[in-house]
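So the structure is just underneath, and the comments pick up after that.
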2 protein chains.
Amino acid sequence: MPDTPNAPYEGIVILAPHRELLDQVLDKWSLAVLNELCERPCRFNDLRRAIPAVTQKSLTATLRRLERNGVVERVVVSSRPVAVEYRITPLGKTLRHPVDVLLAWAAEHMPEIERARARFDEDVPAH
Amino acid sequence: MPDTPNAPYEGIVILAPHRELLDQVLDKWSLAVLNELCERPCRFNDLRRAIPAVTQKSLTATLRRLERNGVVERVVVSSRPVAVEYRITPLGKTLRHPVDVLLAWAAEHMPEIERARARFDEDVPAH
DNA sequence: CGGTATCCTGCAAGATACTG
DNA sequence: CAGTATCTTGCAGGATACCG
């Protein structure tokens, strides 16, 4: 039935492009940026202040990637001096719900996960 | 109101441990492994066959990490020769819903995202 | 079969300096 | 203010060989 013969396993194949997309929008700093921009539009240095641990370079890269994927919009306000504002897009807003579901899961199960980690680290202290 | 004075911004602080957890359970190969183990218990080499692109080393690392976080269980079946089976845990099953929501988002908005990428890549061809 | 043990490489990401 | 340009480094992850 598949026109590509010997396809490995459909589930995994289907997964791949989504996996790549998640790498783009859920990477190290994206959640923090998205979280911030959902509150309000931000200037570049607003974001730096809100996320102290991020470097200029990484923040720029994160914003460009999010912009490229259409979840964030870069607005240049022509004033003196020029101001740049980042905003969440309508597409970006649709990402909020899935992320919230994920964070809710993390919050709910964190205690259980920490117990699992403690158990594992105790049983396998070192080889 | 916060008992920690000068906390940077609560949202981001709260985010950090969750961010770390997601790095553990949503990393490069975890989705594929989880997806597979939700279907059925698998032996090590079953997983290798189901996910051809993963190396032995990465698969081992992924399974150990998932096991440590309590979402996967490693069961040694004492037979001749010894067999090892990996199973999803009850905790692991609770991860399925959030992940499905995320994948549904990806599937639903993929076309829009691809348009955004095309637009971006055209407007910013190269510097 | 189900892994370790090594070696190696690319590249994500930090530090730092400079710019329109 | 909002970046770009370099340089450097840690380390995730691949390749390969070996083991109980």
Side-chain angles (χ1 to χ4, degrees), chain A residues 12 16 19-20 22-33 36-37 40-69 72-87 120 123-127, chain B residues 16 19-33 36-37 40-69 72-87 120 123-127:
Chain A
I12 302 299
R19 175 68 265 185
E20 189 228 338
L22 298 186
D23 282 339
Q24 300 261 318
V25 300
L26 290 186
D27 79 298
K28 191 170 183 190
W29 299 111
S30 294
L31 281 196
V33 169
E36 208 56 30
L37 293 184
R40 62 181 186 285
C42 281
R43 312 264 302 260
F44 188 82
N45 284 340
D46 291 340
L47 288 169
R48 292 194 70 189
R49 274 185 291 275
I51 315 167
V54 75
T55 62
Q56 258 177 352
K57 184 183 172 180
S58 297
L59 181 55
T60 304
T62 300
L63 287 168
R64 285 294 170 282
R65 198 168 353 86
L66 293 177
E67 190 193 354
R68 176 168 185 267
N69 286 275
V72 155
E73 183 187 12
R74 184 175 183 271
V75 183
V76 179
V77 181
S78 298
S79 56
R80 300 297 311 271
V82 163
V84 178
E85 209 175 70
Y86 291 92
R87 300 163 181 268
F120 185 92
D123 291 358
V124 193
H127 298 306
Chain B
R19 174 68 264 186
E20 189 226 339
L21 175 54
L22 298 185
D23 282 339
Q24 300 261 318
V25 299
L26 290 185
D27 80 298
K28 192 170 183 190
W29 299 110
S30 295
L31 281 196
V33 169
E36 209 56 30
L37 293 184
R40 62 181 186 286
C42 280
R43 312 265 301 260
F44 189 82
N45 284 340
D46 290 342
L47 288 169
R48 291 194 72 188
R49 274 186 289 276
I51 315 167
V54 75
T55 62
Q56 258 177 354
K57 184 183 173 181
S58 297
L59 182 55
T60 303
T62 301
L63 287 168
R64 286 293 169 282
R65 198 169 353 86
L66 293 178
E67 190 193 353
R68 176 168 186 269
N69 286 275
V72 155
E73 184 188 11
R74 185 176 183 270
V75 183
V76 179
V77 181
S78 299
S79 57
R80 301 296 311 270
V82 164
V84 178
E85 208 175 71
Y86 291 92
R87 299 164 182 267
F120 184 92
D123 291 359
V124 193
H127 296 306

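Below, read A as the first sequence line, B as the second, and so on, with proteins coming before strands; counting in each chain starts at 1.
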Of all heavy-atom pairs between [X] and [Y], which one has the smallest distance, and what is that distance?
X: B/Ser30; Y: B/Arg65; answer: OG-NH1, 3.8 Å
X: A/Ser58; Y: A/Val54; answer: CB-CG2, 3.9 Å
X: B/Tyr86; Y: B/Leu37; answer: O-CD2, 3.5 Å
X: A/Cys42; Y: A/Glu36; answer: SG-CG, 4.1 Å

Item checked: side-chain contact (heavy atoms from CB on, under 4.5 Å) assessment of B/Leu66 paired with B/Val33 -> CA-CA 9 Å; B/Leu66 293 178; B/Val33 169; 3.9 Å; yes
Rounded to whole Å, how long is the line connecting atom [atom1] of [X] with atom [atom2] of [N]?
X: B/Ile51; N: D/dG13; atom1: CD1; atom2: P; result: 14 Å
X: A/Phe44; N: D/dT4; atom1: CZ; atom2: P; result: 8 Å
X: B/Arg43; N: C/dG2; atom1: CZ; atom2: C1'; result: 9 Å
X: B/Leu63; N: C/dG2; atom1: CG; atom2: P; result: 11 Å
X: B/Leu59; N: C/dC1; atom1: CG; atom2: C1'; result: 13 Å

Margin query: Any side-chain to backbone donor/acceptor pair from A/Arg19 onto B/Asp27? Under 3.5 Å, distance only.
Written below: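 Checked: pair present.
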What pairs with [X] under side-chain hydrogen bond (donor to acceptor under 3.5 Å, both in side chains), at least two apart in sequence or on another chain?
X: A/Arg43; answer: none
X: A/Thr62; answer: none
X: A/Gln56; answer: none

Answer yes or no: does a side-chain N or O of [X] lie under 4.0 Å from OP1 or OP2 of [N]?
X: A/Arg64; N: D/dA2; answer: no
X: A/Arg49; N: D/dA2; answer: no
X: A/Tyr86; N: D/dG3; answer: yes

Identify all pairs in which a protein N or O lies below 3.5 Å from an N or O of nucleotides 10-13 of chain C, and state each distance.
residue : atom : partner : partner atom : Å
C/dA13  : N7   : A/Lys57 : NZ           : 3.3

Using atom names, set out every protein N or O paired with an N or O of nucleotides 18-20 of chain D below 3.5 Å, distance rounded to 0.1 Å.
none

Checklist line | Difference in axis direction between the ends of the helix from C/dC1-D/dG20 to C/dG20-D/dC1, five pairs, 10° | finding: 50°
Next item on the list: For the pair B/Phe44 and B/Thr60, evaluate side-chain contact (heavy atoms from CB on, under 4.5 Å) and give the outcome as yes or no after the intermediate values.
Entry: CA-CA 9 Å; B/Phe44 189 82; B/Thr60 303; 3.5 Å; yes
Check: Contact class for B/Arg48 (heavy atom, under 4.0 Å): base, sugar-phosphate, or nothing?
Finding: nothing
Next item on the list: With side-chain contact (heavy atoms from CB on, under 4.5 Å) as the test, would you mind laying out the steps for A/Leu63 and A/Glu67 before giving the verdict?
Entry: CA-CA 6 Å; A/Leu63 287 168; A/Glu67 190 193 354; over 6 Å; no
